[in-house]
Amino acid sequence: MKVSLPANIDRSAYLNAFSNFERKHPGLRVEVLIDAGEEGLLNGAADVAYFGYRPAKEGITWIPAGHNVTFLMASRGYLRRHGSPQSVEELRNHTLLLRYTSNRSFSRRLENRDASFEIESDDKVHFEDAYSCRTHLIAGEGISVDLVPSFVADELMRGDIVPVLPSWHRRPWEICVCRRESDHSPLVSEMANLIVENFKKHTVDSWMFWYRYFAIPLDSVVLPKAD
């Protein structure tokens, strides 16, 4: 079974779940692909796909898994050298680390309950993949805007990385787990449900944990309403 996962997630929890899935179904092997996309799902390159957006093409059945939620983060070293912004407008004076613009879930919008702020200037913005954002965040080279906390869990726990402007966060984005509409295999449906369960366990619970850990109000996050 071929499963597509995004390049920009911590895949360790999913790989463990896939190993358990193989043990449950002797003779079956799970092959993990990275970012196969909608075309890859439709042409059979992948049987199940995890997308950070709702697919637009016909022929795809999707299961809503929830939303990714982040908070702004910086290393203590960066804040010692550059100071900590005291208002969201002061972010214009700082180097910001954002995931690349070609990502279907890309957004410049920051939110805090009903308030919002658009990152307009690209002068001090680095557009990168999640692993590059993580590297530069830890090295003290900018403020991360849309890196999920699980990517730097150890650094957050040690206090090497800390929240910046608590309550402000990148606009939450939807996660969907998809299969081909024509594929009615029970194993494919089981795998899709397994990925949904793991997302809810390791990502939804994770961001809430970190918000509580740093005493960031959960009600600062307003999740988009389901259609």
Trp207 and Tyr211 aromatic ring geometry - parallel, tilted or perpendicular at 30°/60° bounds: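 The arrangement is perpendicular - the two ring planes meet at more than 60°.
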
With Asn43 via side chain to side chain donor-acceptor pair (under 3.5 Å) - residues at least two apart: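 Result, side chain to side chain donor-acceptor pair (under 3.5 Å) vs Asn43: none returned.
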
Partners meeting side chain to side chain donor-acceptor pair (under 3.5 Å) with Arg109 (sequence neighbours left out):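 Only Glu111 meet the side chain to side chain donor-acceptor pair (under 3.5 Å) criterion with Arg109.
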
Ser132 and Asp129 side chains, donor-acceptor separation under 3.5 Å: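 Yes, a side-chain donor-acceptor pair sits under 3.5 Å.
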
Ionic contact status for Asp47 with Arg180, cut-off 4.0 Å: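 Yes, charged N to carboxylate O under 4.0 Å.
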
Under-4.0 Å salt bridge between Lys2 and Glu31: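 No.
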
Neighbour count above 12 (heavy atom, 6.0 Å) for Arg80 CZ: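 Check fails, neighbour count at 12 or below.
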
With Phe117, the side chain to side chain contact (heavy atoms under 4.5 Å, CB included) member among Leu110, Asn112, Leu165: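 Exactly one pass, corresponding to Leu110.
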
Contact summary for Pro85 and His94, nearest pair of heavy atoms: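 Smallest interatomic distance, heavy atoms only, reads CD-NE2, 3.8 Å.
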
Minimum-distance pair of heavy atoms, taken over all atoms of Ser4 and Gly37: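 Minimum heavy-atom contact is OG-N, 4.4 Å.
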
Worked verdict on Glu120 versus Arg92 for salt bridge (Lys or Arg N to Asp or Glu O under 4.0 Å): CA-CA 9 Å; Glu120 295 177 352; Arg92 297 187 177 99; 5.0 Å; no

Pair listing, salt bridge (charged side-chain N to carboxylate O under 4.0 Å, His left out) test, anchored in residues 57-71, at least two apart: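 Only Glu39-Lys57 qualify under salt bridge (charged side-chain N to carboxylate O under 4.0 Å, His left out).
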
Pair Phe199 and Tyr14, ring centroids less than 6.0 Å apart: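 Between Tyr14 and Phe199, which both carry aromatic rings, the centre distance is not below 6.0 Å.
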
Got a list of side-chain donor-acceptor pairs under 3.5 Å for residues 213-222, not counting sequence neighbours?
unit_1: Ser220; atom_1: OG; unit_2: Pro217; atom_2: O; d: 2.7

Which residues share a salt bridge (charged side-chain N to carboxylate O under 4.0 Å, His left out) with Glu141, sequence neighbours left out: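 Residues passing salt bridge (charged side-chain N to carboxylate O under 4.0 Å, His left out) with Glu141: none at all.
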
By ring-ring contact (aromatic ring centres under 6.0 Å, His included) - contacts of Trp168 (at least two apart):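 Result, ring-ring contact (aromatic ring centres under 6.0 Å, His included) vs Trp168: none returned.
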
Val177-Leu33 co-clustered via ILVMFWY side chain contacts under 4.5 Å: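 Each belongs to a different hydrophobic cluster.
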
